[in-house]
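Please read the structure below before turning to the comments.
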Amino acid sequence: MSKRVRKAVFPVAGLGTRVLPATKAVPKEMLTVVDRPVLQHAVEEAREAGIEHFVFVTGRNKAMIEDHFDMAYELEDTLQKRGKVKEYSELMADLPAAGATSFTRQQAPLGLGHAVWCARDIIGDEPFAVILPDMITLPGARKTRCLAQCLEAHEKHGGNIIAVEEVPPEDTHMYGVVSVAQDFGQTFEIGGMVEKPAKGTAPSNLIISGRYVLEPEIFKILETIEKGAGGEIQLTDGMKKLSESQKFFGVRFDGRTCDTGSKLGFLMANVHFAMERSDLGPAFKAELKKILAGL
Ligand code: UTP
């Protein structure tokens, strides 16, 4: 039986160049979707999946992230004095337990594989989740978000898990792509993987979509791996090497993924997440209908 997944790594050291100028002084993970930073959506997904320890790989100019997951004494005191009970209790409910967060720095943005490697000592010798926080997810018919579905697959199959989604074949060159070796329906055994394949060469239209469960042996591989696509140390290259000695399974995520790392994706995330909110959704949809009627 495989060990339970208790820790999740959130690589948040990227520069966010696709959403400039917003990310000049504000980390892209702190841009808000509806009323909370993108990163908080990702942390909520991890909490719902049962993750107990949140490991953030940050970089320079990202200190705001650490503050967001800490107490804000003056604010909390003022809310209490003003009787803003709801706001205060919501902030308290969001606060991670003492000791449940760790922060380490990736001193230079050398790639996702390098960012994950920076968390090696905090993770230790146990399987762990990786969440790319600029991809945020909403549940589908199964009512759970993406990481919970990955952890379910890990309990079932063991090994390493990668969440995937389908894209039009002409878009595959922009992503990591996997092929199917044996299909079980929602999950499948992965045959191979490639990062940003040249146009027309992708082995399928199933792209790696930002949620992983990895065995700790990945760290040894990431330590020695050469730079790959884009001159960066690629997590996909590390996983490819690990797949020579361990099994990898794909999870077709049942739900919606929004890529807040691009401008259009960020706008769409706000629309989808606002529509799903029980408090804001109805009024927001009414406004959207008015806008659409005028197009
Ligand atoms: P992205 O490639 O989407 O992030 O990496 P980026 O580099 O910030 O984006 P652009 O292209 O410049 O707009 C996916 C995730 O991996 C993290 C990013 O912060 C993001 O959450 N990352 C990427 C790191 O932590 N370190 C890196 O060296 C690269």
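Atoms within a ligand are numbered from 1 in the order they appear, just like the ligands themselves.
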- Item | Backbone or side-chain N or O of K62 under 3.5 Å from ligand 1 N or O | no

- Task: Check if E29 has a non-hydrogen atom at a distance under 4.0 Å from any atom of ligand 1.
- Result: yes

- Query: Do S243 and M193 come close enough that some side-chain heavy atom pair is under 4.5 Å?
  - Reply: yes

- Which residue and heavy atom of the protein sit nearest atom 8 (O) of ligand 1, plus the separation: G16 N, 2.7 Å

- Query: How are the rings of F249 and F184 set relative to one another: parallel (under 30°), tilted (30 to 60°) or perpendicular (over 60°)?
  - Reply: tilted

- Item | Ring centers of F248, Y212 separated by less than 6.0 Å | no

- For atom 16 (O) of ligand 1, find the nearest protein heavy atom and state the residue, atom name and distance (0.1 Å precision). L112 CD1, 3.7 Å

- Tested for side-chain hydrogen bond (donor to acceptor under 3.5 Å, both in side chains) against T137, the lone hit among R211, E45, E165 is E45

- Task: Identify, for atom 25 (O) of ligand 1, the protein heavy atom at the shortest distance, and state residue, atom and that distance.
- Result: A13 N, 2.8 Å

- Check each atom of ligand 1 against the heavy atoms of V12 and keep those under 4.0 Å away; list them by number with element. 19 (O), 25 (O)

- Task: Answer yes or no: does an N/O atom from L110 fall short of 3.5 Å to an N/O atom of ligand 1?
- Result: yes

- When only distance counts, is L15 in polar contact with ligand 1, meaning an N/O pair under 3.5 Å? yes

- Note on the structure: Quick note on ligand 1: atoms under 4.0 Å from a heavy atom of A115 include exactly 24 (C), 25 (O), 26 (N)

- Item | Result of checking K3, R6, R120 against E126 for salt bridge (Lys or Arg N to Asp or Glu O under 4.0 Å) | R6

- Item | Under 4.0 Å to a heavy atom of Q106 - the qualifying atoms of ligand 1, by number | 24 (C), 25 (O), 26 (N), 27 (C), 28 (O)

- Answer yes or no: is there a side-chain heavy-atom contact under 4.5 Å between E52 and K7? no

- Query: Of all the non-hydrogen atoms in the protein, which one sits nearest to atom 14 (C) of ligand 1, and at what distance?
  - Reply: D134 OD2, 3.9 Å

Between side-chain atoms of residues 283-295 and protein atoms elsewhere (two or more places apart, or another chain), which donor-acceptor pairs fall under 3.5 Å?
residue : atom : partner : partner atom : Å
E287    : OE2  : K290    : NZ           : 3.4

- Could you name the option among C118, P11, G14 that has the heavy atom nearest to atom 21 (O) of ligand 1? P11

- Task: Only counting residues at least two apart or in another chain, list the ones meeting salt bridge (charged side-chain N to carboxylate O under 4.0 Å, His left out) with K86.
- Result: E90

- Message: Using the rule side chain to side chain contact (heavy atoms under 4.5 Å, CB included), only one of V9, V55, T58, V57 pairs with C118; which is it?
- Response: V57

- Query: What residue and heavy atom of the protein are closest to atom 4 (O) of ligand 1, and at what distance?
  - Reply: K28 NZ, 3.0 Å

- Query: If we only count N/O pairs under 3.5 Å, is G111 in contact with ligand 1?
  - Reply: yes

